[in-house]
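Below, all heavy atoms of this structure are taken into account, side chains as well, without hydrogens, waters or symmetry copies. Letters A, B, ... are given to chains in the order of the sequence lines, protein chains preceding strands, and every chain is numbered from 1.
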There are 2 protein chains.
Amino acid sequence: MIQINERSMTPIYEQIINQVKELIVKGGLREGDKIPSVRELSGMLLINPNTVAKSYQELERQGVIATARGKGAFVCKPAASPGMERERGEQLREEMKRLIIEARHLGMTKAGFKTWVTDEVERNWGEQDADG
Amino acid sequence: MIQINERSMTPIYEQIINQVKELIVKGGLREGDKIPSVRELSGMLLINPNTVAKSYQELERQGVIATARGKGAFVCKPAASPGMERERGEQLREEMKRLIIEARHLGMTKAGFKTWVTDEVERNWGEQDADG
DNA sequence: TGTGTGTACTATACCGAATGATACAGTATT
DNA sequence: AATACTGTATCATTCGGTATAGTACACACA
């Protein structure tokens with residue numbers, strides 16, 4: 001379900017965040033589904049509970065999951081606050097800009113880049129939405 | 001020319017790397033151009049020379065610039081080694097995957113994402129290339 | 001012989017990531 | 001009431017990367 005790469009440059013708590021989001025997007029987790037408890041997941045991944053807790057707190061801050069003492073953590077319906085969307089939208093622009101510059105330095109052409117992006121979208125977007 | 005954001009989460013030496021690459025892509029720096037010396041740039045940015053040196057070493061490792069003792073650092077002609085291209089290509093795929101998943105969680109539609117990417121490409125790609 | 005260049009090395013300070021352990025607070029079940 | 005589960009909070013500690021500081025070396029050029 002969730003796998004951790006010890007040698008990755010991205011910290012463990014971010015790997016958890018990213019993989020939970022990926023599972024949701026790709027249909028492995030649906031709205032209302034219960035995700036493993038802090039202690040469960042820390043036991044499965046052989047990492048510290050505090051690290052998992054940090055991931056869940058950030059996921060809740062982003063409106064991806066909802067947590068409740070004694071009950072557990074559950075997948076939310078997508079409902080990001082406007083402020084949060086602006087914040088993460090700006091970050092997304094910066095990352096895309098960096099990615100484009102990197103692609104140029106790898107020798108990609110503009111047309112090649114566009115088709116490459118299209119391929120990656122088809123591979124990672126998950127289920128179709130209204131205008132898919 | 002190059003500006004450092006002290007409060008940014010990205011380390012200074014990476015900011016330098018990214019901005020040098022951006023300058024090259026956007027035409028501010030061309031093949032053969034001399035870039036500021038380690039001590040010059042560290043003086044301009046009010047940072048430690050070792051930090052600039054680290055940036056230049058990574059830029060040289062990636063084949064973006066060439067350095068020579070006593071002469072300085074100069075912009076290279078793009079000639080990345082095949083191994084380097086594979087390494088960075090894989091990294092690019094991972095980043096794009098993460099970016100796509102993030103876009104979904106921000107409520108973008110597939111079509112909306114594609115047009116957004118197109119806009120960013122037009123804004124950041126720089127001069128036209130063969131099939132632009 | 002100078003001056004400017006990249007490079008190398010050591011030492012230090014700071015911060016985030018991750019661990020370990022303990023305790024607290026709310027929920028559900030028995 | 002008791003118990004077991006949940007998320008949360010706090011403290012201490014270790015570890016690695018970032019950045020600074022200072023010094024020294026090797027090469028190029030005038």
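Remark: side-chain polar atoms of B:E31 are not paired, donor with acceptor, to backbone N or O of B:V75 under 3.5 angstrom. In this structure, the side chain of B:S55 engages the main chain of B:T51 through a donor-acceptor pair within 3.5 Å.
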Restricting both atoms to N or O, compile the protein contacts to nucleotides 3-6 of chain C shorter than 3.5 Å, with distance only.
residue, atom, partner, partner atom, Å
C:dT5, OP1, B:S37, OG, 3.4
C:dT5, O2, B:G70, N, 2.9
C:dG6, OP1, B:V38, N, 3.4
C:dG6, OP2, B:V38, N, 2.9
C:dG6, O3', B:T67, OG1, 3.3
C:dG6, N7, B:R39, NH1, 2.9
C:dG6, O6, B:R39, NH2, 2.9

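A:F113 meets the ring-ring contact (aromatic ring centres under 6.0 Å, His included) test with A:W116, B:W125; sequence neighbours excluded. Applying the salt bridge (Lys or Arg N to Asp or Glu O under 4.0 Å) test to A:R93 and every residue at least two apart in sequence or in another chain returns B:E120. Evaluation of the side-chain contact (heavy atoms from CB on, under 4.5 Å) rule for A:E102 yields A:R98, B:K21, B:Q62, B:R88, B:L92 as partners, not counting sequence neighbours. Not counting sequence neighbours, A:T115 has no partner by the side-chain contact (heavy atoms from CB on, under 4.5 Å) test. Applying the salt bridge (Lys or Arg N to Asp or Glu O under 4.0 Å) criterion to B:E14, with sequence neighbours excluded, gives no partner residue. Remark: B:E60 pairs with no residue by the salt bridge (Lys or Arg N to Asp or Glu O under 4.0 Å) rule, at least two apart or across chains. The salt bridge (Lys or Arg N to Asp or Glu O under 4.0 Å) check on B:K71 picks up nothing, with sequence neighbours excluded.
Counting heavy atoms from C-beta on, the side chains of A:L23 and A:V20 never come closer than 4.5 Å.
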Readout for nucleotides 11-19 of chain C: B = base within 4.0 Å of protein heavy atom, S = sugar-phosphate only, - = neither; 5' to 3' it is ------SSB

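Close approach of DNA chain D to chain B, defined as any atom under 4.0 Å from a non-hydrogen atom of the protein, starts and stops at D:dT18 to D:dC29.
Near DNA chain D, defined here as any heavy-atom distance below 4.0 Å, there are no residues from residues 16-23 of chain A.
The stretch residues 33-43 of chain A participates, sequence neighbours left out, in no side chain to side chain donor-acceptor pair (under 3.5 Å) pair at all.
Taken together through direct or relayed side-chain contacts under 4.5 Å among Ile, Leu, Val, Met, Phe, Trp and Tyr, B:I17 and A:L99 form parts of separate hydrophobic clusters.
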